[in-house]
Amino acid sequence: MDIESWPPQDLENKLVMWNWYDDWATYAKNAFGKEFDVTVTNSGFSSPNQWYSKLQGGNAEIDNISATANWVERSIENDFLYPLPVEKMPSWKNITERVKNVGTYQKEGKTYGVPESIVLYPLTYNTNHFDKAPSSWDVLWDDANKGKITMWDNSTVSCQIAALYTGQDPINPGDFKEIEEVLKQQKPLLKTYWGDYQQGMSMFVNEEVVAGPLTMGRTYSAKFNENAPVNYTAPKEGALFTSDLFVIPKGASHPMASLQFINWASQQKHAAKLFTEMGYMPAVNIDNQLSKKQREFTNWPDSWKLVFQKQLSQKVRDKYSEIWTAVKSA
């Protein structure tokens, strides 16, 4: 990935990307492809394991990945990614300092990813049901909300919410038994667990539930696209967040097209499209592209306690998986 100057020379005419922001990826596929005369294909995915296993097998297919921070860290550790010449990329200056300081995607002076967005895992709530934003995760353990709350059918996220609720560190908790116990206590109060993002959003849109974890992007879609009475917050115990980054895996057949794509995607108008299509906070400042209501939605208060979703140890991953199996079967 060492280039003498910008733009990269010998730009290939194809690009294979794996980006799970499906609607934005469709826009990018058409707009970038037309501007640079590149044929773009996108493979959406639901779990990072899908692309990571291909990198483990010796990648010869994927040119560009929208990768969550902890998986980027793991990929760097295993030497699966190219370092990027960010100092020569014009759009690198567009990435806000707030986002540049999120996560560990640099090693030994080299940069292996360009931030695409910040992803918050908030508490989403029905604004008709609550006069103000719930202040605590305990709303998901309140008998008064029985049958009107939901949880994500995701072992890591749900166990980490339980860790926050019980005052523990969600990255390295000290009492796994307590986490399992409170999740079992919660289970009879739930309407259901959601596993599919559309299912989770639909329950809020149809007002079947009044509170539960939902991604910031799906909350945005429910609020702005479906006119649902919803908003999101970070409870006093804290909420988890991570970042997604553009990376180029070793073995990429079209690395120069991938590099040009990252620079293109980091321009303000294309980053703004990511937000308006998907609802996630982009890595680029786009305030002047948004309405007042959109700016209010995307600008989090500095007072929120946010916990970065670091890569979990194998022990914690295994314990969370064991806990979730026990909770689901209880």
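Residues take their numbers from the sequence shown, with the count starting at 1. Predicted model, so just to flag it, every value in this text is computed and none were measured. Every heavy atom of this structure was used, including side-chain atoms; hydrogens, water molecules and symmetry mates were not.
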(Q) Would Lys319 and Phe176 count as a cation-pi pair here, with the cationic atom under 6.0 angstrom from the ring centre and within 45° of the axis? (A) yes
(Q) Donor-acceptor pair, distance only, cut-off 3.5 Å: does the side chain of Gln268 make one with the backbone of Asn285? (A) yes
Q: Check for a donor-acceptor pair, side chain of Trp137 on one end and backbone N or O of Gly238 on the other, with a separation under 3.5 Å.
A: yes
Q: Inspect the surroundings of CD in Glu296 and state if more than 12 heavy atoms from other residues, nucleotides or ligands are less than 6.0 Å away.
A: yes
Q: Determine yes or no for a side-chain-to-main-chain donor-acceptor pair under 3.5 angstrom, with Asn145 supplying the side chain and Val139 the backbone.
A: yes
Q. Between the side chains of Gln50 and Ser46, is a donor N or O closer than 3.5 angstrom to an acceptor N or O?
A. yes
Q: Find the distance between CG (Leu245) and CG (Leu81) and round it off to the nearest 0.5 Å.
A: 10.0 Å
Q. How are the rings of Trp264 and Phe261 set to each other: parallel, tilted or perpendicular (split at 30° and 60°)?
A. parallel
**Q.** side-chain contact (heavy atoms from CB on, under 4.5 Å) between Gln186 and Leu140, worked out
**A.** CA-CA 7 Å; Gln186 180 197 57; Leu140 302 183; 3.5 Å; yes
Q) Would Lys100 count as a cation-pi partner of Trp92, with NZ or CZ less than 6.0 Å from the six-membered ring centre and within 45° of the ring normal? A) yes
Q) Within a reach of under 6.0 Å around CD of Gln9, are more than 12 heavy atoms found that belong to other residues, nucleotides or ligands? A) no
Q: Check for a donor-acceptor pair, side chain of Ser329 on one end and backbone N or O of Ala326 on the other, with a separation under 3.5 Å.
A: yes
Q) Under the side-chain contact (heavy atoms from CB on, under 4.5 Å) criterion, do Glu322 and Glu180 qualify, and how do the steps go? A) CA-CA 9 Å; Glu322 290 173 15; Glu180 181 176 336; over 6 Å; no
Q: State whether a side-chain donor-acceptor pair under 3.5 Å links Ser91 with Asn263.
A: yes
Q. Mind checking whether Lys107 and Glu73 have side chains closer than 4.5 Å, heavy atoms only?
A. no
Q. Looking at Glu237 and Lys305, does any basic side-chain N land under 4.0 Å from a carboxylate oxygen?
A. no
Q: Answer whether the closest heavy-atom distance between the side chains of Pro170 and Leu240 falls below 4.5 Å.
A: yes
**Q.** side-chain contact (heavy atoms from CB on, under 4.5 Å) between Asp63 and Lys14, intermediate numbers included
**A.** CA-CA 9 Å; Asp63 298 316; Lys14 292 182 180 180; 5.8 Å; no
Q. Are Thr242 and Thr68 linked by a side-chain donor-acceptor pair shorter than 3.5 Å?
A. no
Q: For Ser47 and Asn49, indicate whether the former's side chain and the latter's backbone hold a donor-acceptor pair under 3.5 Å.
A: yes
Q: Answer yes or no: is there a donor N or O on one side and an acceptor on the other, between the side chain of Asn94 and the main chain of Ser266, under 3.5 Å?
A: yes
Q. Heavy-atom count around Lys191 NZ within 6.0 Å, excluding the residue itself: above 12?
A. no
Q.
What's the separation between atom NZ in Lys269 and atom CD1 in Ile286, rounded to the nearest 0.5 Å?
A. 14.5 Å
Q | Between CG on residue Asp37 and OG1 on residue Thr39, distance to nearest 0.5 Å | A | 7.0 Å
Q.
Tell me whether the NZ or CZ atom of Lys328 lies within the 45° cone about the ring axis of Tyr193 and under 6.0 Å from its centre.
A. yes
Q) Does the side chain of Trp24 come within less than 4.5 Å of Phe275's, by heavy atoms? A) no
Q) So, Tyr197 and Trp20: side-chain donor and acceptor under 3.5 Å apart, yes or no? A) no
Q) Charged N to carboxylate O under 4.0 angstrom, Lys184 versus Glu181? A) no
Q.
I'd like to know whether Tyr280 forms a side-chain contact (heavy atoms from CB on, under 4.5 Å) with Tyr220, so could you lay out the CA-CA distance, the side-chain angles of the two residues, the decisive distance to 0.1 Å, and finally the verdict.
A. CA-CA 8 Å; Tyr280 293 99; Tyr220 173 89; over 6 Å; no
